[in-house]
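Within every chain, numbering begins at 1; the chains are lettered A, B, ... in the order of the sequence lines, protein sequences first and strands thereafter.
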Amino acid sequence: MKYQRLRGVKDVFSPDNSVWESIIAAAVSVFKTYNYSLIITPTIEEISLFSRGIGEASDIVMKEMYDFNDKKGRHIVLRPEGTASVVRAYIENSLPEKSDMYYIGQMFRYERPQTGRYREFYQIGVESFGDATPYKDAEVIILASAILKAAGIKDAVLNINCLAADAGYYEKLKNFLEEKKSGLCGDCKNKLSRAPIRVLDCKNEGCRQAVAGAPLITEHLTPGAGASFSKIKSLLTAAGISFTVNPAMVRGLDYYTAVVFEFTTDKLGPQQNTILAGGRYDNLVEELGGKKTPATGFAMGIERLFEVLKAQEGTITEAGPEAFIIVDKEFIDRGFELVNSLRNSGIRCAMGYQERSFKSQFREAESKKAGFAVIIGETEVNTGKYSVKNMADGSQKEIEAAGIAAYIKGRP
RNA sequence: GUGGGUGUAGCUCAGUUGGUUAGAGCGCCAGGUUGUGGCCCUGGAGGCCGCGGGUUCAAAUCCCGUUACUCACCCCA
C-alpha cells in the first residue's frame, strides 16, 4: 500500500478494458466511413494557447489548468481540451484548408473528482475545417450520433442551440435580467455579466420564475445564422435524428460562434450527464493566428460512455482464450511448441509454464474462461495425439497437434 | 473552490458501553490415494484497523489534524 494513484486519475484493466477497446474501435470504424483522418498532437502546450483559445474568463482557464514551468522557465500546460491543439497544428503545419480530422487522447483538468468527472480523462473528438455550410454541421452531428450508436449507447438525447445572436440580443437579455435581479440566486447574479444565458438554465425555482418571458436567443439570431440553423434542423430531421432546441444551452468554452449541441443521458446522475458536446467555431483559427477559417467539431468523454454502457449492460465479462494448454511437467517444451503453433494459426491461447498439478492447471483454465483445454501428458506423447477438452460440456477428444487449430476453429 | 458521508484482508463488510493473540463471506494457494476444472470438504497464506498527534493503565473504537475515496454544489466530456 505504499504508492497510490494521484487524485482524480484511474487505472483501467480487465474486464473494463474490453469496453474501452470496443468504444474506441466503434469510433475509429465510423471515422473511416466518414473519411476523417487521425491527428495526434502533444499533451503539453504553451499555456497561452488555451487562455487565448478557450477564453481568459472561462472556468477551465481560470482555475482548472494543470500548469507548470519547465526547466527553461517556459509556462506549460497539460491540455485541458483538444480543439485548441488541433487548431494550432492545423495552422502550424499549413494543413489543407479543408481538413476533417479526429483525435483520441487524454485531457487534464484540475477539478474536484466526481462521478464521470476525472482530473485526467479521455476524449475522442473531431474537428472539421474549411466548410461553413450547414451540411457540414449536420454531418458532424450525424457522425456523432453514428458513433454513439455504434458504441451501443441507447437513449442519448440531443439538444441543439445557436449562439449567433444579433448585436442587440445580449444587451436586451441583460437589461431584462437586471430588472429581475432581486429574484435571482447568488450564483445567477454573478453569471449575469459573464454568461447571462446561463441564468436561463438555472435549476433554482426562484430563478426559473424570474426568468420566464426572457428574450430567447433563438428568436434573435442573425439572418444568416437563422437560415443556417433552420437548414441544419431540417437536415437532421431528414436523416432521422431527433433533437430538442434548447435556447438556454451554452457551452463552457468561449470559442463557439453558431450552432452548439450536446448529447446527454440520464444514466450518470443529475449533473455529469453530457456524454458528447460540440459546435461551430468560425473565429478560433483566426484568433490563434491563422487566416479566417470556418470550423466545427465535438468531443466525447470515453469515461462517460463507459459508465453509460456499464449502467445499460450490467456486469462486464471479458472473453477468455479459445484454448489453454495443460502439460505434465516433463512436457513443458511440447506445450510451448504447441502454444506457439496455435498462435501462429490465429488461435487465442495461453498456458502456464510452471510445473504444476493437472488440477491446478485446470483450475486456471477454468478461471480464465478458456473454451478448450489441450492436455499434453505421457499418454498423449506416446500416442502422438493430444487430448482436447471442451470446457463447457466436458467432452474430450484426441487429436494430432497439426489438427488442433482447425478443430478449435470449427467449434467456436 | 464550498458542504456532507466514508477509510478494518485482494474484494464486500462485521467488530458489542474503549479491555487479552482483530473476524466472516467471497477470492487466492495447497490437499482430498500422484492424468482432469466447476459442486463439496480440509488446511494455508494474507491486516503497523488510511496517516500523524492527543486523551487513557489500555484505542480499530473517544478527540484533533491530515490524506484519499465518495456524494452534492460550481463547472464540464
Over 60° means perpendicular and under 30° means parallel, so classify the ring planes of Trp20(A) and Phe306(A), tilted if in between.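 Tilted.
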Mutual orientation of the aromatic rings belonging to Phe358(A) and Phe362(A) [parallel < 30°, tilted 30-60°, perpendicular > 60°]: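 Ring orientation of Phe358(A) relative to Phe362(A): tilted.
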Between the base of [N] and the side chain of [X], is one N or O donor paired with an acceptor at under 3.5 angstrom?
X         : N      : value
Lys389(A) : G37(B) : yes
Arg112(A) : U2(B)  : yes
Arg304(A) : C76(B) : yes
Lys359(A) : G32(B) : yes
Arg117(A) : C71(B) : no

What integer distance in Å separates [X]:[atom1] from [N]:[atom2]?
X         : N      : atom1 : atom2 : result
Arg5(A)   : G50(B) : CZ    : P     : 18 Å
Ile326(A) : U34(B) : CD1   : P     : 17 Å
Lys329(A) : U36(B) : NZ    : C1'   : 16 Å
Gln354(A) : C29(B) : CD    : C1'   : 13 Å
Phe362(A) : G32(B) : CZ    : P     : 16 Å
Tyr118(A) : A68(B) : OH    : C1'   : 15 Å

Checking the side chain of Gln361(A) only, and the main-chain atoms of Val327(A) only, is there a donor and an acceptor separated by less than 3.5 Å?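 Confirmed, Gln361(A) side chain pairs with Val327(A) backbone.
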Taking only side-chain N and O atoms of [X], does any of them lie within less than 4.0 angstrom of OP1 or OP2 on [N]?
X         : N      : result
Ser387(A) : U36(B) : no
Thr115(A) : A72(B) : yes
Arg7(A)   : C69(B) : yes
Gln114(A) : U70(B) : no

Given the [atom1] atoms of [N] and [M], what is the spacing between them in whole Å?
N      : M      : atom1 : value
A24(B) : U17(B) : P     : 22 Å
C73(B) : A14(B) : P     : 27 Å
G65(B) : A22(B) : C1'   : 26 Å
A72(B) : A60(B) : C1'   : 29 Å
C51(B) : A68(B) : C1'   : 10 Å
C71(B) : U8(B)  : C1'   : 22 Å
G52(B) : A59(B) : P     : 14 Å
G37(B) : C28(B) : C1'   : 16 Å

Taking the side chain as C-beta and beyond, is there a heavy-atom pair between Tyr110(A) and Arg119(A) under 4.5 Å?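 In contact.
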Lys136(A) vs Asp100(A) side-chain heavy atoms within contact, under 4.5 Å: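 A side-chain contact exists here, since the closest heavy-atom pair is under 4.5 Å.
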Would you mind telling me which of Arg280(A), Lys231(A), Lys233(A) makes a salt bridge (charged side-chain N to carboxylate O under 4.0 Å, His left out) with Asp137(A)?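 So the option named by the test is Arg280(A).
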Under the salt bridge (charged side-chain N to carboxylate O under 4.0 Å, His left out) rule, collect the residues that match up with Lys10(A), sequence neighbours excluded.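 Scan of Lys10(A) (salt bridge (charged side-chain N to carboxylate O under 4.0 Å, His left out), adjacent residues dropped) gives Glu303(A).
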For the residue pair Asn246(A) / Thr244(A), report whether a side-chain donor-acceptor contact shorter than 3.5 Å exists.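 Result is no, nothing qualifies.
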Taking for each residue the nucleotide of RNA chain B bearing the nearest heavy atom, is the 5' side occupied by Arg251(A) or by Gly8(A)?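 Comparing both residues, the 5'-ward one is Gly8(A).
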Less than 4.0 Å between a side-chain N and a carboxylate O, is that true for Arg109(A) and Glu81(A)?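 No, this pair does not count.
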Over all strands shown, is [X] touching base, sugar-phosphate only, or nothing at heavy-atom distances under 4.0 angstrom?
X         : answer
Gly125(A) : nothing
Met300(A) : nothing
Glu111(A) : base
Gln361(A) : nothing
Glu380(A) : base
Leu276(A) : sugar-phosphate

Output yes if the stacking criterion (under 5.5 Å between centres, under 30° between planes) is met for Phe358(A) over the base of U36(B), else no.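 One would not call Phe358(A) stacked on the U36(B) base.
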Please, what dot-bracket string fits RNA chain B when only Watson-Crick and G-U pairs with both distances under 3.5 Å count, crossing ones use [ ] and pairs to another strand use |? (((((((..((((.....[...)))).(((((.......))))).....(((((..]....))))))))))))....
